[in-house]
Amino acid sequence: MNIILFGPPGAGKGTQAKKLVDFYGIPQISTGDILRANVREGTELGLAAKAYMDKGELVPDNVLIGIIKNRLNEPDCKKGFILDGYPRTVPQADALAGILDEIEKPIDVVLNLEVADEELVERISGRLMCKCGASYHRTLNPPKKEGECDICGGEIFQRIDDQEDAVQNRLNVYKKQTQPLINYYSKQGILVTLNGARDIDEVFEDLKAILAKFA
Ligand code: ADP
Ligand code: AMP
């Protein structure tokens, strides 16, 4: 089952991806998590990406292609994968199509989580993260123990790009550079749009119902 989880920042892609990983046993490939790990480790990629990320800009298209290609070729992607946060531009979608053609793993479905801007701002400004990639919200989805990740016990923190300055820019960048992919995948007949502004579990039930025919 080869899935793209699509939607604006804060739509719940990471939250739902974690649940899909548990349920279907296929990996989540989050370019945001990969980039943040590189920033933490101070790699060349991390150093190059940080300035873009902190401002809420996208990193240049060519930066992620090789990483995605290598990741999709790893053995755990044999049964399928969940792309979260990639592709985000038409050139990235074209590059992805080339890679998937080569390895004969076409995308089954693009799941588009729709959430209104006001709610996105509330979600992003209250988001707390763990370095394992788990995401929480101060009030909407708090961890069981304050300051501590439910999954790995790690310390949770606010992302720099979740601070007010970058949030509006990220929504603008989404509208300008990423939203055109809705039309791109809709034309291919593989886009399914669902209401992401419901309870986390309700959205998940809906996702499972849509995915049942691909499992
Ligand atoms: P994305 O990966 O799309 O940027 P996240 O999964 O990190 O989004 O979710 C953004 C924020 O919204 C997090 O704080 C998360 O806990 C919260 N959240 C996710 N889904 C829901 C939901 N259905 N209802 C309320 N809050 C949610
Ligand atoms: P995310 O965790 O998906 O919200 O991504 C956080 C930040 O990482 C984005 O604001 C971008 O700066 C960068 N990023 C993640 N994925 C991509 C991508 N596919 N293309 C360009 N930049 C990305």
Side-chain angles (χ1 to χ4, degrees), residues 4-21 28-39 45-46 48-68 71 82-96 111-116 118-143 149-151 156-163 165-174 176-178 181 194-207:
I4 295 177
L5 261 185
F6 189 84
K13 302 182 294 297
T15 303
Q16 296 298 334
K18 290 272 176 291
K19 295 172 82 70
L20 293 171
V21 167
Q28 169 197 17
I29 304 175
S30 158
T31 43
D33 286 349
I34 292 170
L35 290 169
R36 278 185 291 278
N38 276 276
V39 171
L45 167 66
K50 188 176 187 321
Y52 295 100
M53 296 172 75
D54 288 353
K55 282 188 288 192
E57 299 287 338
L58 297 183
V59 305
D61 284 331
N62 60 348
V63 169
L64 287 163
I65 296 171
I67 291 170
I68 288 289
R71 185 65 190 88
I82 304 161
L83 282 169
D84 161 8
Y86 192 92
R88 259 172 150 108
T89 64
V90 171
Q92 288 183 16
D94 286 340
L96 176 67
L111 299 159
N112 175 28
L113 296 173
E114 250 183 2
V115 177
E118 250 171 56
E119 179 153 354
L120 293 174
V121 171
E122 189 193 352
R123 286 186 184 185
I124 297 172
S125 48
R127 170 160 56 191
L128 297 168
M129 283 214 61
C130 175
K131 70 173 169 25
C132 78
S135 118
Y136 302 92
H137 189 280
R138 282 182 218 284
T139 53
L140 301 172
N141 179 30
C149 177
D150 294 352
I151 296 171
I156 56 177
F157 57 90
Q158 188 185 33
R159 282 165 47 174
I160 294 175
D161 60 344
D162 282 349
Q163 290 166 13
D165 292 355
V167 173
Q168 194 53 50
N169 192 34
R170 281 161 70 206
L171 294 180
N172 293 341
V173 165
Y174 169 79
K176 208 165 141 203
Q177 295 182 260
T178 308
L181 291 180
L194 59 155
N195 176 8
R198 293 169 293 160
D199 227 53
I200 291 173
D201 288 330
E202 246 178 89
V203 176
F204 184 55
E205 287 307 312
D206 220 4
L207 287 175

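All heavy atoms count here, side chains included; hydrogens, waters and symmetry mates do not. Atoms within a ligand are numbered from 1 in the order they appear, just like the ligands themselves. None of the values given here were measured: they were computed from a predicted structure.
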Interatomic distance, OG@S135 vs CZ@R123, rounded to 0.5 Å, equals 9.5 Å

For C149 and C130 the tightest heavy-atom approach is CB-SG, 3.6 Å

Lining ligand 1 at under 4.0 Å, by non-hydrogen atom distance, are residues P8, P9, G10, A11, G12, K13, G14, T15, R123, R127, S135, Y136, H137, L140, N141, G196, R198, D199, I200

**OP:** Please tell me if the side chains of Y86 and I4 come closer than 4.5 Å, counting only heavy atoms from C-beta onward.
**Re:** no

- Pairwise side-chain contact, M53 with R159, heavy-atom cut-off 4.5 Å (strictly under): no

Around atom [atom1] of [X], are there more than 12 heavy atoms from other residues, nucleotides or ligands closer than 6.0 Å?
X    : atom1 : answer
K19  : NZ    : yes
Y52  : OH    : no
I160 : CD1   : no

Hits for side chain to side chain contact (heavy atoms under 4.5 Å, CB included) against A17, two or more places apart or cross-chain, chain-then-number order -> L5, Q28, I82, D84

For ligand 2, find each of its N or O atoms that sits under 3.5 Å from a protein N or O atom, and tabulate the pairs with distances to one decimal place.
| from | atom 1 | to | atom 2 | distance (Å) |
| --- | --- | --- | --- | --- |
| ligand 2 | 2 (O) | R36 | NH1 | 2.8 |
| ligand 2 | 2 (O) | R36 | NH2 | 3.0 |
| ligand 2 | 2 (O) | R159 | NH1 | 3.4 |
| ligand 2 | 2 (O) | R159 | NH2 | 3.4 |
| ligand 2 | 3 (O) | R88 | NH1 | 3.0 |
| ligand 2 | 3 (O) | R88 | NH2 | 3.1 |
| ligand 2 | 4 (O) | R88 | NH2 | 3.4 |
| ligand 2 | 4 (O) | R159 | NH2 | 3.0 |
| ligand 2 | 5 (O) | R88 | NH2 | 3.4 |
| ligand 2 | 12 (O) | E57 | O | 2.5 |
| ligand 2 | 16 (N) | T31 | OG1 | 2.8 |
| ligand 2 | 16 (N) | G85 | O | 3.4 |
| ligand 2 | 16 (N) | R88 | NH1 | 3.0 |
| ligand 2 | 19 (N) | G85 | O | 2.9 |
| ligand 2 | 19 (N) | Q92 | OE1 | 3.0 |
| ligand 2 | 20 (N) | Q92 | NE2 | 2.8 |
| ligand 2 | 22 (N) | V59 | N | 3.1 |

Contacts satisfying salt bridge (charged side-chain N to carboxylate O under 4.0 Å, His left out) that involve residues 53-67 (not counting sequence neighbours) are K50-D54

